Amino acid sequence: MVQAQQGDTVKVHYTGKLDDGTVFDSSESGDPLEFTIGSGNIIPGFEKAVVGMSPGDSKTEIIPVDEAYGHHREEMVLVVDRTQMPSDLEPEVGQQLQIQQPSGQTIPVVITDISESEVTLDANHPLAGEDLTFDIELVEIG
């Protein structure tokens, strides 16, 4: 039977869970996720988990933080003066914003704390610092 390998384009259904069982993402109610193994568009541990699977195979894989979104990095947390925020913005904890770098690149951030004078922005991926568990079903090798 054909097995998925580096360079193959595959379609998978998946459900991603945190250690406490909370589901953070799933393709079950929609189309399967399509990607090319080795392209770097998917976290490394997920790509590795699919290698060797055949269409119709299912497995549960625990992906450690180092092969997922990495560790939470304090240098990615920024405290800014509220006067630096757009005047028409009423910041709320959990709100997602885009910050423009001097290079023109935009970075997604989440507001994690607000005080009278400051706003704390976190540019870490929301799943940084987490081990992830994925239920994976290989649907097709293209």
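Worth saying up front: this structure is predicted, and the values here are computed from it rather than measured.
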Visitor: Do Pro64 and Asp131 make a side-chain contact, defined as non-hydrogen atoms from C-beta onward lying under 4.5 Å apart?
Guide: yes
Visitor: How close do Ser54 and Leu138 get, heavy atom to heavy atom, and via which atoms?
Guide: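 Shortest heavy-atom separation between Ser54 and Leu138 comes out as C-CD2, 3.5 Å.
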Visitor: Just wondering, do Val2 and Asp8 contact through their side chains at under 4.5 Å, heavy atoms?
Guide: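 A side-chain contact under 4.5 Å is absent here.
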Visitor: Above 12 or not: heavy atoms from other molecules or residues under 6.0 Å from CD of Gln96?
Guide: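 Not more than 12 within 6.0 Å, no.
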Visitor: Please name the pair of heavy atoms, one in Glu67 and one in Ile63, separated by the smallest distance, quoted to 0.1 Å.
Guide: O-CG2, 3.4 Å
Visitor: Tell me whether Asn124 contacts the main-chain N or O of Arg73 through its side chain, where contact means a donor paired with an acceptor under 3.5 Å.
Guide: yes
Visitor: For residues Met53 and Ile136, report the shortest heavy-atom separation together with the two atoms involved.
Guide: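 Minimum heavy-atom separation between Met53 and Ile136: CE-O, 3.8 Å.
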Visitor: Pair Met1, Asp57 - check side-chain contact (heavy atoms from CB on, under 4.5 Å), show working.
Guide: CA-CA 11 Å; Met1 185 153 221; Asp57 286 354; 5.7 Å; no
Visitor: For the pair Val93 and Thr112, evaluate side-chain contact (heavy atoms from CB on, under 4.5 Å) and give the outcome as yes or no after the intermediate values.
Guide: CA-CA 5 Å; Val93 171; Thr112 56; 5.7 Å; no
Visitor: Within the 4.5 Å heavy-atom criterion, are Thr9 and Glu34 side-chain neighbours or not?
Guide: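 Yes, close enough: below the 4.5 Å cut-off.
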Visitor: Leu132 and side-chain contact (heavy atoms from CB on, under 4.5 Å): which partner among Ile43, Asp25, Ile62, Asp19?
Guide: Ile43
Visitor: Of all the heavy-atom pairs spanning Pro44 and Ala68, show the shortest one and how long it is.
Guide: CD-O, 4.2 Å
Visitor: Grab the two heavy atoms, one from Glu61 and one from Ala49, that are nearest each other, plus how far apart they are.
Guide: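 Of all heavy-atom pairs spanning Glu61 and Ala49, the closest is CG-CB, 3.6 Å.
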Visitor: Could you measure the distance from the CD atom of Glu28 to the CD atom of Glu137? Nearest 0.5 Å is fine.
Guide: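 Nearest 0.5 Å value for the CD-CD distance: 7.0 Å.
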Visitor: Taking Leu78 as the starting point, is it possible to reach Val119 by hopping between hydrophobic residues whose side chains are less than 4.5 Å apart?
Guide: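 As far as the 4.5 Å side-chain criterion goes, Leu78 and Val119 are connected within one cluster.
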Visitor: Around atom CG of Leu89, are there more than 12 heavy atoms from other residues, nucleotides or ligands closer than 6.0 Å?
Guide: yes
Visitor: State, to 0.1 Å, how close Ala4 and Ile141 come at their nearest heavy-atom pair, and which atoms those are.
Guide: N-CD1, 3.5 Å
Visitor: Would you find more than 12 non-hydrogen atoms of other residues, nucleotides or ligands less than 6.0 Å from Asp31 atom CG?
Guide: no
Visitor: When rounded to the nearest 0.5 angstrom, what is the spacing between CZ in Arg82 and OG in Ser87?
Guide: 12.5 Å
Visitor: Classify the ring geometry between Phe46 and Tyr14 as parallel (under 30°), tilted (30 to 60°) or perpendicular (over 60°).
Guide: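 Geometry flag for Tyr14 against Phe46: perpendicular rings.
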Visitor: Look at the side-chain heavy atoms of Ile, Leu, Val, Met, Phe, Trp and Tyr, link any pair under 4.5 Å apart, and say whether Val65 and Met76 land in one connected group.
Guide: no
Visitor: Considering the options Ser27, Ser26, Ser58, which one meets the side chain to side chain donor-acceptor pair (under 3.5 Å) requirement together with His13?
Guide: Ser27
Visitor: Between Thr133 and Thr60, does a side-chain contact (heavy atoms from CB on, under 4.5 Å) hold up when you go through it step by step?
Guide: CA-CA 7 Å; Thr133 301; Thr60 297; 3.6 Å; yes
